[in-house]
Amino acid sequence: MQIRFYNSLTNQVEDFTPITPGKVKMYSCGPTVYDFAHIGNFRSFLFGDLLRRFLELAGNEVHHVMNITDVGHMVEGEQDKMEEAAERVKVNKKSGRLPEGAIGDPNDPYQIAKYYTEAFLEDAKRLGYKIAYEYPQCVPHATDHVEGEAGMIGMIQKLLDKGHAYIAKDGVVYYSVESFPDYGKLSGNSLDKIQEGAGDRVSASDQAHKKHPGDFMLWKPDQHHIMKWDSPWGTGYPGWHIECSVMAKALLGADKIDIHTGGEDLKFPHHECEIAQTCGATGADTFANFWIHARFLFVEGKKMSKSDGNFYTARDVFSGNVQVKDESGSIVKLGKPVSPAVARFELIKSHYRNNMNFTVKGLRDSAATIQKLIEFRADLEEKTGGQAAEVDLSHPVLNQFASALADDLNISDALSVMHPWIRGPHPDPHESLAVWQKMNSVLSIAPVNEGTADAIQEVASEQEVATLEQAEGWLTEMLAAKADKDYAASDVLREKIIDAGFEVQQSKEGASIKKKL
RNA sequence: GGCGUCGUGGCCAAGUGGCUAAGGCAGCGGAUUGCAAAUCCGCCAUCGCGGGUUCGACUCCCGCCGACGCCUCCA
C-alpha cells in the first residue's frame, strides 16, 4: 500500500516513505497554555492524531512529539500573554468561571501554564488524542528547553556562529533571512514579495533595527518580562519560532524528520522560520520531508470568533454549551452534553484540507453515527464474548479502508467503506470484531481510544446511574401496561423515558433502552 | 498586490476522460409496530458559469464569477 500525502512544501500529493523504513518521526505544533483550547485547535490536533494512528495501522512505529508553548511571548501593546492571562484569570476567578482554588496565584505564570496544560491534557484525552497519554515524554514544555547547549540558547548561539543571526543595536538577536536562500520555499513568500507589514501587525519600532524586514527575533533581552532566563545576550526571553526547532531536534533525536504538522496559519511565518532555524543550525538540507497543514474550522459557516458568539472551547462542546440560530433567527442552545466520541467524530470526519464546518446539525448527525457504532460493537462483543479473530490489512474491507486513508488521509472514502460494512451481514462476528477494532484504532470513536494502554473510561456519574435505573423501572411498567393493552399508560411511560434522554428500542428479541447521545 | 486551496443532490461529502457520479444525514414509499421509535428493503444529482482540446469531460486547458486561508499574536 503506497501512502501519499499532500506536501505543503511542494504543493502536491507525493508518495510518503519514512527516512527509516517502518519508523516515522513526526512533530506537531501544540497549544499555547494561557487559556482553554478551542475546537479549532483540536481540529488541527486531531488531524495529527488521525495521521499518526493511520501510520500505525499501516504498520509503522510512530514517534510523535508535540510541544506545549508556555513561554509568554510578546504580544502587541508590550504586554505578554502570561500577563494577559493573569488578568483574565483574576476576572474569571471572581466571576466563578474558574473553579475555586484553580490557580493559587494568578501572577505566577507557571501556575497559569500548569493549570491550562492539565486542562488541555484532560480535554485531549477525552477526545482520544493519543499523544496526551504520552505526556510528558513526548509532550515537552518550551520552558524546559530554553537553556543549555541543546536548548534554545544553544541553537541561537549556533546560528550566531554560523552567520545566520546577528545582534542588533537594540540588543535583540535576529535571524537574518537573507542568510538563508531557501527562506520562503514553504510559503511561497520570497523575500522580495513579502510586503513589509502587510498583515499590519508589525510595529515600526520593532523594524527599526533589523537588516531586513523579514528578519525575526530569536532572543529579546528584557528585564521586565515575567518569564525570563539568563543568556549571553542578556536576561530575557526567546522568540516564538525557536522552541519548535529545538524541541523537535531534542525529542526526535534527528536533524531531519519525516512529518511536521500544524494549522494552515502556521505555515507562514512560523514553519518557514522553523525551517530556517533548524537547517541554519544543523546544515541539513531539509527539516521535515513532509509539511502537512490542516485547514481552519468554521462554526456555523463562519470563522470562529468571540464577538460572533460562535467561539467554543472543547469543554463548551462537552457540556453542550453550543448554540445555533434557527430558521426564525433566534438563538437555540444545544443544551445537552456532547459525548467526547461525538465531538471527536465531528472534528475528524471531514478532510483535513477542506474547511470543515462545525455545526449543531453535524453534531446531531455524528451522535447518530456514534450511537449506531456503539450498538454495532456491543452486539459483536456479546456474540463473541469479546474474542476477536486475527486480521491484518489483507482483509478486503480493512484493505479498502486503509487504502482510502493512504490516499492523502481520505477519511470520507474510508467512512464510505465503513458504513455499508457495518450494516452487515456479519457471518463471522469474531472476524468482524477484529476488523472493527482495527478501524477503531484509527477512528477511536467507539469506544474512544481503543488500543491505547490506558484507554479512558467514561464513567457514568451517580446521577446518570440513578436516571438509568429509573428509566429501566419505567420500561418494566411500560411493558406491563402494554401486556394489559393499556396503551395510554404505556405511551405516557414511553414519553417519560424519552424525556429522560433514552431511546426505547423494541424488536422481536425484546425491549431495551439506550442512552441517546 | 503576492502566495495558495476550493466550488458535486435539501445538508455533509467522495470520485472518474467513456461502464448505473461513492457514502452519511434529511426526505419519500414499503416491511415491521397497538401507534411510534429503532431496524430492514426500495427511491431520490449530470457535477459554479462561458469557451477550448477530444470520437467523448463533471474529470484536461483558458477565461470569468464566487468562497476561503496566509502575507510576521493566531490551530
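Proteins come first, then strands; the chains are lettered A, B, ... in the order of their sequence lines, and each starts at number 1. Note that the coordinates shown come from a computational prediction; the quantities given were computed from them, not determined experimentally.
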J.: So does A:Asp222 pair up with A:Lys228, basic N to acidic O under 4.0 Å?
T.: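 So A:Asp222 does not pair with A:Lys228 through a salt bridge.
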J.: Sort me out a list of protein N/O and nucleotides 8-14 of chain B N/O pairs below 3.5 Å, or just none if empty.
T.:
| unit_1 | atom_1 | unit_2 | atom_2 | d |
| --- | --- | --- | --- | --- |
| B:A13 | O3' | A:Ser412 | OG | 3.2 |
| B:A13 | O2' | A:Ser412 | OG | 2.9 |
| B:A14 | OP1 | A:Asn354 | OD1 | 3.1 |
| B:A14 | O5' | A:Ser412 | OG | 3.4 |
| B:A14 | O3' | A:Asn410 | ND2 | 2.7 |

J.: Please write out each protein N/O paired with an N/O of nucleotides 36-39 of chain B under 3.5 Å, distance rounded to 0.1 Å.
T.:
| unit_1 | atom_1 | unit_2 | atom_2 | d |
| --- | --- | --- | --- | --- |
| B:A36 | N6 | A:Gln506 | NE2 | 3.2 |
| B:A36 | N1 | A:Arg494 | NH1 | 3.4 |
| B:A36 | N3 | A:Arg494 | NH1 | 2.9 |
| B:A37 | N1 | A:Gln506 | N | 3.2 |
| B:A37 | N1 | A:Gln506 | O | 2.8 |
| B:A37 | N3 | A:Val504 | O | 3.1 |
| B:A38 | O2' | A:Gln505 | NE2 | 3.4 |

J.: Quick check for you: among B:A75, B:G69, B:C71, whose closest atom lies nearest to any side-chain atom of A:Arg295?
T.: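 The closest nucleotide is B:G69.
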J.: Starting at atom CG of A:Leu127, determine the distance to atom P of B:A75, rounded to an integer number of angstrom.
T.: 16 Å
J.: Which whole-number value in Å describes the distance from A:Leu479 CG to B:U33 P?
T.: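 The distance from CG of A:Leu479 to P of B:U33 comes to 16 Å, rounded to the nearest Å.
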J.: Describe the nucleic acid contact of A:Ser490 in one word from base, sugar-phosphate, nothing, applying a heavy-atom distance below 4.0 Å.
T.: base
J.: With both distances under 3.5 angstrom, what nucleotide forms a Watson-Crick or G-U wobble pair with B:C35?
T.: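 Pairing partner, where one exists within any strand: none, as none qualifies.
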J.: Which base, if any, makes a Watson-Crick or G-U wobble pair with B:U54, both distances under 3.5 Å?
T.: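 Paired with B:U54, as far as the under-3.5 Å criterion goes, is no nucleotide at all.
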J.: Would you kindly compare A:Arg353 and A:Ser44 by the position of their nearest RNA chain B nucleotide and give the one closer to the 5′ end?
T.: A:Arg353
J.: Does B:G63 have a Watson-Crick or wobble partner in any strand here, with both distances under 3.5 angstrom, and which is it?
T.: B:C49
J.: When rounded to the nearest Å, what value does the distance between P atoms of B:A45 and B:G9 take?
T.: 12 Å
J.: Side-chain N or O of A:Lys185 versus OP1/OP2 of B:C3: is the shortest distance under 4.0 Å?
T.: no
J.: Pick the closest RNA chain B nucleotide for A:His38 and for A:Asp407 by heavy atoms, then say which residue is nearer the 5' end.
T.: A:Asp407
J.: Would you say A:Tyr6 places a side-chain N or O within less than 4.0 Å of OP1 or OP2 belonging to B:U5?
T.: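 So the side chain of A:Tyr6 is within the cut-off, an N or O lying under 4.0 Å from OP1 or OP2 of B:U5.
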J.: When you compare B:C25 with B:A67, how far apart are their C1' atoms, in angstrom units rounded to a whole number?
T.: 24 Å
J.: Do the rings of A:Tyr175 and A:His164 sit parallel, tilted or perpendicular, given the 30° and 60° boundaries?
T.: parallel
J.: For A:Leu363 and B:A26, what is the distance between atoms CG and P respectively, to the nearest whole Å?
T.: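 One finds 15 Å between P of B:A26 and CG of A:Leu363, rounded.
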J.: For a quick check of understanding: with a heavy-atom distance under 4.0 Å over all strands, which category does A:Phe298 fall into, base, sugar-phosphate or nothing?
T.: sugar-phosphate
J.: Now, which nucleotide makes the Watson-Crick or G-U wobble pair with B:G69, with each of the two distances under 3.5 Å?
T.: B:C3
J.: Just how far, in rounded Å, is C1' of B:A75 from CD of A:Glu274?
T.: 13 Å
J.: Here's a test for you: under side chain to side chain donor-acceptor pair (under 3.5 Å), which of A:Lys267, A:Arg353, A:His271 qualifies with A:His293?
T.: A:His271
J.: Can you tell me how far C1' in B:A22 sits from the matching atom in B:U59, rounded to whole Å?
T.: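 Straight-line distance between the two C1' atoms is 15 Å.
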J.: Rounding to a whole Å, what distance do you find between A:Asn11:CG and B:G69:P?
T.: 18 Å
J.: In terms of relative ring orientation, are A:His426 and A:Trp421 parallel, tilted or perpendicular, with 30° and 60° separating the classes?
T.: perpendicular
J.: What integer number of Å spans the P atoms of B:A38 and B:G27?
T.: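 9 Å, rounded to whole Å.
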J.: Look at the rings of A:Phe358 and A:Tyr312 and say which category their plane angle falls in: under 30° parallel, 30 to 60° tilted, over 60° perpendicular.
T.: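 If you compare the ring of A:Phe358 with that of A:Tyr312, the planes turn out tilted.
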J.: In this structure, how many angstroms lie between the C1' atom of B:C71 and the OH atom of A:Tyr183, rounded?
T.: 10 Å
J.: Whole-Å distance between B:C71 P and A:His270 NE2?
T.: 13 Å
J.: Any strand is fair game: report the nucleotide pairing with B:C19 by Watson-Crick or G-U wobble, both distances under 3.5 Å, or none.
T.: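 Per the H-bond distance test, none.
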J.: Name every donor-acceptor pair, under 3.5 Å, that has one atom in a side chain of residues 470-497 of chain A and the other anywhere in the protein, sequence neighbours excluded.
T.:
| unit_1 | atom_1 | unit_2 | atom_2 | d |
| --- | --- | --- | --- | --- |
| A:Thr476 | OG1 | A:Glu472 | O | 3.0 |
| A:Lys482 | NZ | A:Gln506 | OE1 | 3.4 |
| A:Asp486 | OD1 | A:Ala489 | N | 3.3 |

J.: Please give the distance between the P atoms of B:G18 and B:A57 as a whole number of Å.
T.: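 B:G18 and B:A57 have their P atoms separated by 11 Å.
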J.: Please determine whether a side-chain nitrogen of the Lys or Arg among A:Lys372 and A:Glu375 lies less than 4.0 Å from a carboxylate oxygen of the Asp or Glu.
T.: no
J.: Expressed as a whole number of Å, how far does the C1' atom of B:G10 sit from that of B:C43?
T.: 16 Å
J.: Is the closest basic N to carboxylate O distance between A:Arg315 and A:Glu122 below 4.0 Å?
T.: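 A salt bridge links A:Arg315 with A:Glu122.
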J.: Under a 3.5 Å limit for both distances, which nucleotide forms a Watson-Crick or G-U wobble pair with B:G27, could you say?
T.: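 Matched B:G27 with B:C43 under the 3.5 Å cut-off.
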J.: How is A:Gly362 classified with respect to the nucleic acid when contacts are heavy atoms under 4.0 Å: base, sugar-phosphate, or nothing?
T.: nothing
J.: Would you mind reading off the distance between A:Lys508 atom NZ and B:C40 atom P, rounded to a whole angstrom?
T.: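 Distance, rounded to whole Å: 13 Å.
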J.: Considering only NZ, NE, NH1 and NH2 on the basic side and carboxylate oxygens on the acidic side, decide whether A:Lys130 and A:Asp49 come within less than 4.0 Å.
T.: no
J.: Could you label the plane-to-plane angle of the A:Phe120 and A:Phe45 rings as parallel, tilted or perpendicular, counting under 30° as parallel and over 60° as perpendicular?
T.: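 Ring orientation of A:Phe120 relative to A:Phe45: perpendicular.
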J.: What pair of heavy atoms forms the shortest contact from A:Tyr6 to A:Asp408, and how long is it?
T.: N-OD1, 2.9 Å
